[in-house]
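What follows is a set of notes on a single structure, which appears directly below.
From a predicted model like this one, the values you see are computed outputs, not experimental measurements. Residue numbers run from 1 in the order of the sequence given.
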Amino acid sequence: MQPVRGTRDLIGETFRRHQHVIDTARHVSNLYGMEEWATPIFESTSVFSRSLGETSDVVSKEMYTFEDRGGDSLTLRPEGTAGVCRALVSNGLTQGGLPRKVFYAGPMFRYERPQKGRFRQFHQIGAEILGAAEPLADAEVIAMGWQIIQQLGIDDGVVLEINTLGDTPSRDAYRTALVSYFQSHAAQLSADSQARLEKNPMRILDSKDEGDKKLVAAAPTIDEHLTPEARTFFEKVLGYLDQFGVPYRRNPRIVRGLDYYSHTAFEFVTDRLGAQGTVMGGGRYEGLVQEMGGPSTPSVGWAAGVERLAELLAESPEATRPVAVIPVAEAQEAAALALTQMLRQGGIPAEIAYKGNLKKRMERANKTGARAAIIIGESEVAEGVYVVRNLRDGSQERVDAPALLPALAAAGVEDAMLEQMMESIEAGFEDDDGTA
């Protein structure tokens, strides 16, 4: 049996890279006052078909849609924003407490052609600020994304490209100009773009067809169609980005791939991933919460591919390196187990081999990448001492209980772990009545 095409197992180094991205994003989201939400992996199909737009590639070609045994049409989520907006409405959170600042992480599903950096089951992190109409919200959520990229150490070669899609009057005027331009070149458009010409001509700007790209390069831009209000909004976003210290460049062709965006649209891009150059993207949207049955709720957010961010990491996060506790014989297993649990409860990863003589257990310790081994024999139990072996250089010393933690530190066990362990031990040194 093999994994389904477009999916993969996350094991070892691959998993550590993946989890490091999520843990880093989760930490940064806390700094920005984000609350983490988790929505279902599948939703009613209408949650996505109505919100993403019938002309989007996601809805027209890529969704995993099925009918359940009750006859309901369900879809595996292809992205996270629609589900978050549905949750806002379903849980009665639109009437008070806005704006809501939401972080999420989890798997998404799209029937795409698998290639490097693109899977049919993939993972995203995302952030949404729901119920904020101010341009400062746009800039802050972008700054949060940039800080995640910086803290992952992948900002070298990653660039923020930003555009405005304007307000409704701006887009209406721009739509008229695009229809006029593309109609004069209709015969040269791809079949997909011809279908979009009447329904949503702005989506043509996002086409991946090489012939379409040549026509798009000469198409009108939105700048000459912006209302004064839309122009001012965008200028404020750029001004806040300057204050946040986020570098950017203007790209008037960014429209994003989904239909719900308005005003700000942006992507963090790199040339280090080949054709899959976008690592994070998003923008402002006005009508999505209304599509879910809620009130008008101006919002802004982004999503990022965990696989792509993980691939950019210069180094893999180090695997956990435990302390190996090794009884010399079966008679010392009870003492070894007690020490193993004390270490674990104090926050230090510890492992004890299930069987084998001293040599076999030492081999197991080396395979796990243990930093140190604590060896307990008959004389150690009798005298209340331990043998601590440094597995980096093979040196060892015989220590009593108070000297155990310093000996582990000398063997390379992390100080933070030892500090936590010391607090646990000290707390256990006294009974409830204060006696040792």
Side-chain angles (χ1 to χ4, degrees), residues 52-53 55-57 79 81 126-129 132-146 149 158-179 181-182 193 196 200-208 212-244 246-271 277-288 298-304:
L52 309 188
T55 63
S56 69
D57 283 346
E79 58 92 51
T81 303
E128 314 290 345
I129 301 180
E134 297 76 17
L136 177 56
D138 302 47
E140 186 178 45
V141 80
I142 293 171
M144 173 184 157
W146 178 237
I149 289 170
V158 175
V159 178
L160 168 64
E161 294 189 341
I162 192 167
N163 188 29
T164 178
L165 305 180
D167 52 16
T168 299
S170 302
R171 289 193 303 279
D172 288 346
Y174 188 37
R175 184 185 188 281
T176 300
L178 286 178
V179 169
Y181 171 77
F182 284 121
S193 291
R196 290 168 177 159
N200 191 348
M202 288 183 69
R203 288 295 327 286
I204 300 176
L205 302 178
D206 197 42
S207 173
K208 303 300 186 290
D212 290 347
K213 287 181 179 179
K214 293 178 182 178
L215 294 175
V216 167
T221 66
I222 198 170
D223 285 14
E224 55 263 37
H225 304 284
L226 289 175
T227 64
E229 294 78 11
R231 190 179 304 278
T232 297
F233 187 97
F234 189 50
E235 290 172 349
K236 286 184 176 180
V237 172
L238 299 183
Y240 285 128
L241 288 177
D242 290 335
Q243 293 181 55
F244 278 121
V246 180
Y248 60 85
R249 68 185 177 204
R250 177 74 189 284
N251 181 348
R253 301 304 179 192
I254 292 178
V255 296
R256 301 295 299 148
L258 305 175
D259 285 359
Y260 51 63
Y261 288 109
S262 61
H263 279 297
T264 311
F266 62 91
E267 295 178 350
F268 285 94
V269 299
T270 181
D271 59 3
T278 301
V279 297
M280 181 183 291
R284 174 164 286 280
Y285 49 96
E286 304 294 336
L288 190 50
S299 306
V300 62
W302 55 255

Q: Look up atom CG in Leu205 and atom OH in Tyr174, then write down how far apart they are to the nearest 0.5 Å.
A: 4.5 Å
Q: With the side chain counted from C-beta on, respond yes when Asn251 and Asn163 share a heavy-atom pair under 4.5 Å apart, and no when they do not.
A: no
Q) If you round to the nearest 0.5 Å, how far is CD1 of Ile129 from CD of Glu140? A) 5.0 Å
(Q) Show the nearest heavy-atom pair for residues Ala137 and Arg284, with the distance to one decimal. (A) CB-NH2, 4.0 Å
(Q) Tell me if a side-chain donor or acceptor on Trp302 pairs with a main-chain N or O of Val141 at a distance below 3.5 Å. (A) yes
Q) Going from CZ on Arg175 to CD1 on Ile222, what distance comes out if it is rounded to the nearest 0.5 angstrom? A) 13.0 Å
Q.
Checking Trp146 against Leu241 for the side-chain contact (heavy atoms from CB on, under 4.5 Å) test, could you report, in this order, the C-alpha distance in whole Å, the side-chain angles of both residues, the deciding distance, and whether it holds?
A. CA-CA 10 Å; Trp146 178 237; Leu241 288 177; over 6 Å; no
Q | Closest contact, heavy atoms only, Ala218 versus Tyr181 | A | CB-OH, 3.5 Å
Q) Salt-bridged, Asp223 to Arg250, with N to O below 4.0 Å? A) yes
Q. What residues form a side chain to side chain contact (heavy atoms under 4.5 Å, CB included) with Asp242, not counting sequence neighbours?
A. Tyr248
Q: Run the numbers on Tyr240 and Val237 for side-chain contact (heavy atoms from CB on, under 4.5 Å), then give the verdict.
A: CA-CA 5 Å; Tyr240 285 128; Val237 172; 5.8 Å; no
Q | Closest non-hydrogen atom pair between Ile254 and Ile162, with its separation | A | CD1-N, 4.1 Å
Q: Start with the C-alpha gap between Leu226 and Phe234, add the side-chain angles, then the distance that decides, and say whether side-chain contact (heavy atoms from CB on, under 4.5 Å) holds.
A: CA-CA 10 Å; Leu226 289 175; Phe234 189 50; 5.6 Å; no
Q) Between Pro220 and Leu178, is any pair of side-chain heavy atoms under 4.5 Å apart? A) yes
Q) What are the two closest non-hydrogen atoms of Phe244 and Ala143, and how far apart are they? A) CG-CB, 3.8 Å
Q. Heavy-atom count around Lys214 NZ within 6.0 Å, excluding the residue itself: above 12?
A. no
Q) Rounded to the nearest 0.5 Å, what separation is found between the CZ atom of Phe268 and the CD atom of Glu161? A) 11.0 Å
Q) With no hydrogens and no angle check, do the side chains of Thr81 and Glu128 hold a donor and an acceptor under 3.5 Å apart? A) yes
Q) How long is the span from the CD1 atom in Ile204 to the CZ atom in Arg196, to the nearest 0.5 Å? A) 8.0 Å
Q. With a 4.5 Å limit on heavy-atom distance, are the side chains of Phe233 and Asp138 in contact?
A. yes
Q | Shortest non-hydrogen contact between Ala217 and Arg253, atoms and distance | A | O-NH2, 3.2 Å
(Q) For Val269 and Arg249: C-alpha separation, side-chain torsions, deciding distance, then whether side-chain contact (heavy atoms from CB on, under 4.5 Å) applies. (A) CA-CA 11 Å; Val269 299; Arg249 68 185 177 204; 4.2 Å; yes
Q) So which heavy atom on Glu224 is nearest to which on Thr221, and how close? A) OE1-OG1, 3.0 Å
(Q) Nearest 0.5 angstrom please: Ile149 CD1 to Met280 CE, how far? (A) 4.0 Å
Q: Check whether any side-chain heavy atom of Glu286 sits under 4.5 Å from a side-chain heavy atom of His263, and report yes or no.
A: yes
